[in-house]
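Below is one structure; the comments refer to it alone.
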Amino acid sequence: MKVGVVTFPGSNCDDDAVAAVAAVGAVPVRLWHKAHDLQGADAIVLPGGFSYGDYLRAGAIARFAPIMREVIAFAERGGPVIGICNGFQILCEAQLLPGALLRNDSLQFRSETVALRVETTATRFTARYAPGQVLRIPIAHGDGRYTADAGTLAALEGDGRVVFRYVRPDGTRDDAAATPNGAMHAIAGIVNTAGNVLGMMPHPERALDAALGSADGLPLFEGLFATVSA
Amino acid sequence: MTQPYRVAVYIVPRRGILDPQGKAIADALHALGFGGVGEVHAGRHLVLDVTAASADDASAQVTAMCRKLLANPVTEDFEIASVGTAR
Amino acid sequence: MTQPYRVAVYIVPRRGILDPQGKAIADALHALGFGGVGEVHAGRHLVLDVTAASADDASAQVTAMCRKLLANPVTEDFEIASVGTAR
Amino acid sequence: MTATAVQPRPGDPAITPALVAEHGLTPDEYDRLVAMLGRTPTFTELGVVSAMWSEHCSYKHSRPQLRTLPTEAPWVLQGPGENAGVIAVGDGLAVAFKIESHNHPSAVEPYQGAATGVGGILRDVFTMGARPIALLNSLRFGSLDSPRNRWLFANVVKGIGDYGNCVGVPTVGGEIVFDPAYDGNPLVNAMCVGLLREDELIRAVAQGVGNPIIAVGARTGRDGIHGASFASEDLSDENEAKRPRVQVGDPFTEKLLLEASLELIRSGHIVAIQDMGAAGLTSSSAEMASRGDVGVVIDTTKVPVREPGMTPYETLLSESQERMLVVAKRGHESDVRAILEKWDLLAEVIGEVIAEPVYRVMEGDRVVAEFPGTALVTNCPTYTPPAAESPAIAALRQRDVHAVPERPEEADPAWTLRTLLATPTIASKAWAYRQYDSTVRASTMVGPGSDAAVVRLPGTTRAIALCVDCNGRYVYLEPRTGAQIAVAEAARNVACSGAVPKAITNNLNFGNPKKPETFHQLVEAVRGMGEACRVLETPVTGGNVSLYNESPAGAVYPTPTVGMVGLVDDLAHVTRSTFPAAGHTIVLLGDCTDELGGSEYLNTIHGLVAGAPPRVDLAGEKRLIGALHAAITAGRVASAHDVSDGGLLVAVAECCIGDRERPVGAELELGAFDALPARAVRFGEAQGRVVVATAQPDAVLETARAHGVPARVIGRTTSDDALVISDHGRTWRVGLAALADAFHDAIPTRMTRPATAGAEA
Ligand SMILES: Nc1ncnc2c1ncn2[C@@H]1O[C@H](COP(=O)(O)OP(=O)(O)O)[C@@H](O)[C@H]1O
Ligand SMILES: [Mg+2]
């Protein structure tokens with residue numbers, strides 16, 4: 001099972017994503033932004049970082065990179081795609097996911113470990129978690145305020161497509177206090193209608209080892225591995 | 001015959017979308033004693049030099065750029081502010 | 001008698017100062033096939049509602065705000081783009 | 001490129017005494033230049049020399065002092081003299097590290113000043129062939145009560161964050177001090193640490209006659225050119241183009257340059273690489289040539305420029321960011337270009353290494369500057385001006401601070417403790433560091449907020465511990481002791497994290513060296529630093545000197561910032577500073593004294609900077625580090641925190657509430673120290689102390705005894721939500737919530753007030 005990790009100019013979590021893929025026993029394949037072929041990858045990770053410096057808008061320029069034509073086609077065929085942080089921003093810009101990620105409401109970059117609640121285990125990415133499980137996962141972003149119109153939000157909630165939500169450490173909701181960026185509905189991660197494209201602001205690839213503070217990201221990559229190799 | 005034009009465009013958050021930057025600026029201005037300030041909205045201002053057949057063509061080109069890349073259709077509105085000839 | 005005005009101001013990197021954002025946008029537009037694009041400069045666009053005695057006063061107030069807070073005196077230039085009456 | 005005689009360029013200004021003075025050369029230095037050339041310099045040559053002989057590039061006032069520092073140890077692979085120092089860390093791995101200041105640019109434009117400071121230090125590290133894995137910074141500002149200082153602080157922090165975050169190097173630690181001494185002259189020092197394999201180490205030494213010299217990275221603009229000769233003109237529109245411009249950082253290009261440079265170094269196509277930092281093309285090319293003892297020729301018309309009409313003077317002196325100079329192997333030019341193209345960057349051949357021993361600059365066919373041999377670098381004058389201690393400072397030091405009466409509020413020691421915790425210098429710096437990505441690269445074991453940061457070395461069971469330290473107030477009151485303490489504290493900090501201190505880099509931030517009292521501080525501080533490094537076996541592998549840090553109010557506190565690297569040889573030994581749980585015994589390693597001089601207590605509570613800073617026993621510090629290491633590696637230490645600013649109670653309170661989400665209570669029994677004044681025990685800053693939490697107190701005490709380190713049980717951690725202290729026959733308590741609020745809210749509260757570039761608001 002091969003997982004493609006895309007490197008855009010300015011990606012800086014690609015090495016970490018490669019390591020995460022390898023940690024669950026899959027074969028990481030590095031995909032260059034100028035390439036036109038996914039090298040037979042069974043799943044794709046769009047990693048974090050600052051593609052094109054986040055100039056103009058986070059993800060706006062990367063969305064047009066040559067490799068994205070293939071990624072979009074792959075996603076439309078039902079192939080699993082995870083966008084982490086900048087990857088989430090790129091997926092929104094590419095309209096593989098609805099909504100947009102705007103400047104944090106604090107107007108500051110936020111780097112800290114947050115509590116996330118698993119809102120659904122009915123996705124291939126979260127099947128390895130317990131329903132309602134509270135994860136500790138690092139965030140590090142300046143543009144993470146998930147924003148969408150009322151109809152989109154209603155659809156996301158109604159369809160159970162909100163995958164991760166920012167919560168208090170005890171798992172209860174307190175959007176004003178627990179959301180580090182002002183995201184609507186405290187949304188940290190969503191999937192598309194078909195359920196094969198996940199976007200999330202927090203960094204599960206930085207939470208693979210309790211020695212570094214948390215191993216709560218591991219089940220996500222294991223889940224990805226399991227569904228694809230099944 | 002084409003010639004260089006300079007097009008200014010501004011791109012602003014769609015009304016109704018939270019604009020924390022505008023609010024922060026308004027708050028800071030109040031704290032500094034600029035009491036007459038009401039709402040503030042913050043957006044982007046881009047100046048582009050484009051080669052075009054006419055001012056209308058230049059404007060049309062930049063409009064196409066905004067639709068394709070420069071503005072986010074989900075959250076932003078744009079407007080061509082001015083079209084002039086570039087030196 | 002004061003009344004509400006709406007003042008638009010833009011704030012752009014001073015010419016000659018490196019504008020990495022403008023350059024990235026220009027490169028991206030080229031890659032998207034907008035071959036006629038030359039230089040691009042990226043700045044900020046602010047719209048402020050201010051209570052003022054006249055359009056000139058509104059403009060003078062915003063100029064003072066730019067000097068004091070809104071524009072970086074070392075790296076940016078600003079210009080009042082328009083002064084209108086606010087609804 | 002054929003050599004002809006040097007000719008002045010048409011339109012260049014005539015060389016007059018006034019022009020020479022505007023370029024910052026003394027008449028003696030000018031005579032030296034004329035003697036070196038055997039003729040009158042051209043305008044271009046004057047510009048080049050003015051940059052090369054500037055304090056920043058030539059170290060003319062500090063070089064003789066720096067030579068006294070210890071630089072060697074078996075693990076040192078590269079000492080001072082290169083872009084960064086390098087030490088071996090085992091398994092064939094090495095770390096490169098260096099600190100650098102961007103004080104003056106940050107005073108003018110804090111955001112860009114700080115950002116480009118980070119950019120510069122990253123380049124210094126990756127030009128050694130090392131991948132940057134950690135950033136730290138050491139910052140000094142005036143009081144946060146001033147809107148301008150808040151503006152400086154906010155923008156420096158944002159500049160550091162935006163740059164490092166974008167490049168993707170975690171910012172894992174640092175220190176921030178607020179003191180009126182830095183009003184008008186903030187200090188911004190950035191440190192970078194990179195990882196490499198020993199066999200990948202590359203030095204910036206030009207070699208191989210005929211090898212091409214290639215400019216790589218961003219285009220050259222008129223940024224940061226020292227516009228000395230224009231400084232007296234009005235800034236009219238005509239000369240707007242010539243005025244010195246703020247350097248703007250482009251972290252996106254830096255990230256590409258980083259990847260391209262590492263790829264280039266590993267490719268075998270190049271022999272040397274150096275960043276174009278201060279004095280840009282001039283100093284990078286001249287330094288590489290000098291290190292290789294070869295000649296070079298450069299054609300300024302070949303340099304890719306950002307704006308038309310740049311003169312050789314401007315091209316040579318531009319400080320545009322994100323540029324590198326590479327010496328490639330002859331015939332490999334297109335391979336070099338291909339690598340740069342892959343990363344969307346430029347590479348242009350602009351010159352070559354020549355046999356003739358000259359440094360020659362061409363503008364097309366015209367020779368516009370030519371210096372014999374390596375004189376440009378080696379012939380710079382050095383100065384050892386008179387040094388004398390300021391009598392005023394000596395008098396401050398000699399003051400008997402024990403006589404200072406207590407304030408009425410101090411009857412409640414909890415008030416004093418809370419007040420100290422809420423002092424911005426002591427308070428939590430999370431407001432700043434939560435804007436820094438500290439976890440990218442997924443190797444940060446201990447991030448900002450602990451005594452030292454700990455970063456895992458991928459593929460090994462080891463980690464490095466990193467910190468930056470300096471208490472400028474101590475150095476002000478007694479430079480030699482203060483600098484010793486800076487080294488000792490840094491060593492203690494990495495030791496508390498489970499590491500063995502290995503080596504330091506340092507940043508000497510001082511005032512005007514031509515003032516005898518300032519030069520005295522420099523000489524004494526370097527002496528103290530060297531002494532401490534010798535005893536602690538942490539050689540100096542490099543550093544930076546920043547002089548003339550003055551505002552109209554006077555010089556900053558002399559601030560010789562120490563950046564320490566330690567090695568943790570097993571990940572199991574990584575130790576944090578906060579109490580992990582209730583039920584541990586608290587042991588104090590080291591002893592209390594009755595010292596109060598130079599303390600944060602006197603500064604904050606009494607507004608007094610006086611007295612002698614605490615005594616430091618370097619041999620005792622060495623024993624302390626040994627004892628701590630033994631106890632940690634034996635698995636006996638649950639947490640360890642060094643006692644520094646604010647003294648014992650501040651240290652213990654930080655152990656209790658440093659992690660706001662998981663506060664741990666404590667009870668202290670300090671009656672054993674009742675012979676000393678209460679406030680000296682509580683808030684004095686005696687050196688050589690560490691607060692340890694342990695489940696095996698007897699074993700820890702025994703280890704300490706075996707190492708000759710005083711140690712004593714002073715209390716235990718509890719599940720109570722208070723810190724309870726018994727001393728001088730009374731027991732007093734202070735709630736953890738009150739301590740936590742004081743410590744964690746101090747800076748955020750201040751930063752809600754407006755921040756403006758102007759001084760008043
Ligand atoms: N305080 C210091 N202690 C030890 N070495 C120093 C110190 N300051 C500078 N050096 C060394 O002098 C050399 C030249 O300084 P350098 O840092 O190249 O200037 P820059 O990086 O600003 O171009 C470097 O190798 C540096 O490590
Ligand atoms: Mg250097």
Is B:A8 close to chain C through its backbone or its side chain, or both, or neither, when contacts mean heavy atoms under 4.5 Å? neither
Give the minimum heavy-atom separation between B:E76 and B:L70, together with the two atoms involved. OE1-O, 4.1 Å
Give, as side chain, backbone, both or neither, the part of C:L46 having an atom under 4.5 angstrom from any heavy atom of chain B. both
Given C:D19 and C:K23, is the salt bridge (Lys or Arg N to Asp or Glu O under 4.0 Å) satisfied, shown in steps? CA-CA 6 Å; C:D19 177 7; C:K23 183 175 173 302; over 6 Å; no
Per-residue contact mode, C:A26 against chain B (heavy atom under 4.5 angstrom): neither
Under 4.5 Å from any heavy atom of chain C, what part of B:I11 do you find: side chain, backbone, both or neither? neither
When C:T63 is tested against each of C:R67, C:Q61, C:M65 for side-chain contact (heavy atoms from CB on, under 4.5 Å), which residue passes? C:R67
Side chain / backbone / both / neither for C:L69 at chain B, heavy atoms under 4.5 Å: side chain
Taking everything shown except C:Q3 itself, do over 12 heavy atoms lie less than 6.0 Å from its CD? yes
Do any N or O atoms from the side chain of B:H30 and from the backbone of B:V37 form a donor-acceptor pair under 3.5 angstrom? yes
Relative to chain B, which segment of C:V12 carries a heavy atom at a distance below 4.5 Å: side chain, backbone, both, or neither? side chain
